[in-house]
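Values below: every heavy atom of this structure, side chains too, minus hydrogens, waters and symmetry copies.
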Amino acid sequence: MSNSVPIFILLGGKSQRMGTDKALLQWGEQTLLRRTLEIATALSDEIYLLTPWRDRYQPYLSTTVHWLDDPAQQGGLVALHQGMKTLNLQGWVLLLACDLPKLDQGQLEQWLKQLAAIPTKYTAALVKQGQLYEPCCGFYRNTAQTSLQQFIEQGGRSFQKWLATVPVFSLAIANPAMLFNCNTPADFATLKTQPPSP
């Protein structure tokens, strides 16, 4: 995996709008977490699950994964920072939410091939939809740690507000539907009308 980068999978959300744990929703024969994990495993040998609830998910995972515990439960931005800080990563990390059932492995592979050519001034590489970036399916450079720490120390917890303070490289996406995520029962009902891709 010459273009491999470490991958963080976020499992820290409280799923309040869904009313049940999104990661464990069953689509076809797989949970959303298992589907995301299989794609991540095809792309990298370094997979890390960021979660406050390791015991909840361990019974569902037969694959050997690395765990990064998130006892603070302060959201994805803090979890990303703590993960990067704990591992002292160099280069890029790919951050994925656990509830992206339409992830396209081919698109992720194309982005991975682009990383080496992205100028060093860019802190993140993300898809922009309208005025907002998609923070939980994209890449963060190790140099993000300094600005992340400063932002978090000032009480910041919003990905969008932090991203407005750093240079972000816009990634092109062939099929924006791949960023569909399951936040509500209505989202999941829509998803269940569509068969999983192989």
Side-chain angles (χ1 to χ4, degrees), residues 1-13 23 33 36-37 39-52 65-70 72-100 103-105 107-173 176 178-179 181:
M1 299 183 185
S2 58
N3 294 307
S4 175
V5 301
I7 298 177
F8 289 172
I9 299 177
L10 281 175
L11 286 163
L33 171 57
T36 301
L37 187 58
I39 289 177
T41 302
L43 296 172
S44 176
D45 295 322
E46 298 179 73
I47 311 297
Y48 299 89
L49 302 187
L50 280 59
T51 180
V65 295
H66 304 287
W67 297 88
L68 287 173
D69 295 315
D70 175 28
Q73 298 185 41
Q74 296 186 59
L77 188 77
V78 174
L80 170 65
H81 174 56
Q82 289 299 326
M84 296 178 82
K85 185 177 177 181
T86 299
L87 297 175
N88 192 27
L89 293 175
Q90 303 301 311
W92 295 95
V93 61
L94 169 58
L95 182 69
L96 295 174
C98 65
D99 61 332
L100 293 168
L103 272 182
D104 184 327
Q105 182 178 330
Q107 179 69 82
L108 293 172
E109 287 172 345
Q110 286 184 22
W111 289 341
L112 284 165
K113 291 174 183 176
Q114 294 178 34
L115 292 180
I118 295 176
T120 56
K121 69 176 183 178
Y122 290 104
T123 300
L126 304 167
V127 173
K128 193 170 189 179
Q129 300 194 99
Q131 298 301 309
L132 301 177
Y133 288 104
E134 175 50 67
C136 295
C137 181
F139 302 87
Y140 297 88
R141 211 190 288 269
N142 67 308
T143 52
Q145 293 183 60
T146 300
S147 60
L148 275 171
Q149 182 161 337
Q150 292 172 349
F151 183 76
I152 291 167
E153 285 176 350
Q154 293 167 3
R157 297 294 182 271
S158 164
F159 264 112
Q160 299 298 340
K161 289 180 180 178
W162 172 67
L163 289 168
T165 71
V166 296
V168 181
F169 182 86
S170 290
L171 294 171
I173 186 168
M178 110 165 198
L179 298 176
N181 61 359

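Put simply, the side chain of Trp111 gets close to the backbone of Ala172: a donor and an acceptor are under 3.5 Å apart. When atom types are taken as modelled, the side chain of Gln129 and the backbone of Gln131 share no donor-acceptor pair closer than 3.5 angstrom. A donor-acceptor contact shorter than 3.5 Å is absent between the side chain of Tyr140 and the backbone of His81. Remark: side-chain polar atoms of Glu134 are not paired, donor with acceptor, to backbone N or O of Leu126 under 3.5 angstrom. At distances below 3.5 Å, not a single donor-acceptor pair connects side-chain atoms of Arg157 with backbone N or O atoms of Val78. Between the Thr143 side chain and the Thr123 main chain, no donor and acceptor come within less than 3.5 Å of each other.
The two atoms that bring Leu94 and Gly138 nearest to each other are CD1-O, 3.3 Å, heavy atoms only. Considering all non-hydrogen atoms of both residues, Gly83 and Leu68 come closest at CA-CD1, 3.9 Å. A pairwise comparison of heavy atoms in Thr36 and Ala97 identifies CG2-O, 3.7 Å as the closest pair. Shortest non-hydrogen contact noted between Val93 and Pro6 is CG2-O, 3.3 Å. Closest approach of Trp162 and Ser147 over heavy atoms only: NE1-OG, 3.2 Å. The two atoms that bring Leu96 and Cys137 nearest to each other are CD2-SG, 3.9 Å, heavy atoms only.
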For this session: Let me see the working for Leu171 and Phe139 under side-chain contact (heavy atoms from CB on, under 4.5 Å), right down to the final yes or no.
Result: CA-CA 10 Å; Leu171 294 171; Phe139 302 87; 4.0 Å; yes
Problem set entry | Test log, rule side-chain contact (heavy atoms from CB on, under 4.5 Å), inputs Thr165 and Gln150 | CA-CA 11 Å; Thr165 71; Gln150 292 172 349; over 6 Å; no
Exercise. Could you go step by step and tell me if Leu43 and Glu109 meet the side-chain contact (heavy atoms from CB on, under 4.5 Å) rule?
Worked result: CA-CA 7 Å; Leu43 296 172; Glu109 287 172 345; 3.3 Å; yes
Exercise. After noting the C-alpha distance and the side-chain angles of Trp92 and Ile118, does the key distance pass the side-chain contact (heavy atoms from CB on, under 4.5 Å) rule?
Worked result: CA-CA 11 Å; Trp92 295 95; Ile118 295 176; 4.1 Å; yes
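Taken from CG in Leu103 to CG in Leu179, the straight-line distance is 8.0 Å, to the nearest 0.5 Å. Interatomic distance, Ile152 CD1 to Gln82 CD, rounded to the nearest 0.5 Å: 7.0 Å. In this structure, CG on Leu148 lies 11.0 Å from CD on Glu153, to the nearest 0.5 angstrom. The structure places CG of Asp104 at 8.0 Å from CD of Gln110, a figure rounded to the nearest 0.5 Å. With rounding to the nearest 0.5 Å, the separation of CG in Leu100 from SG in Cys136 is 8.0 Å. Atom CE in Met84 sits 6.0 Å away from atom CG in Leu89 (nearest 0.5 Å).
The side-chain contact (heavy atoms from CB on, under 4.5 Å) test with Tyr48 is passed by exactly one of Ile7, Ile9, Leu87: Leu87.
In the model, Gln149 has no side-chain atom that pairs as donor or acceptor with a side-chain atom of Gln145 under 3.5 Å.
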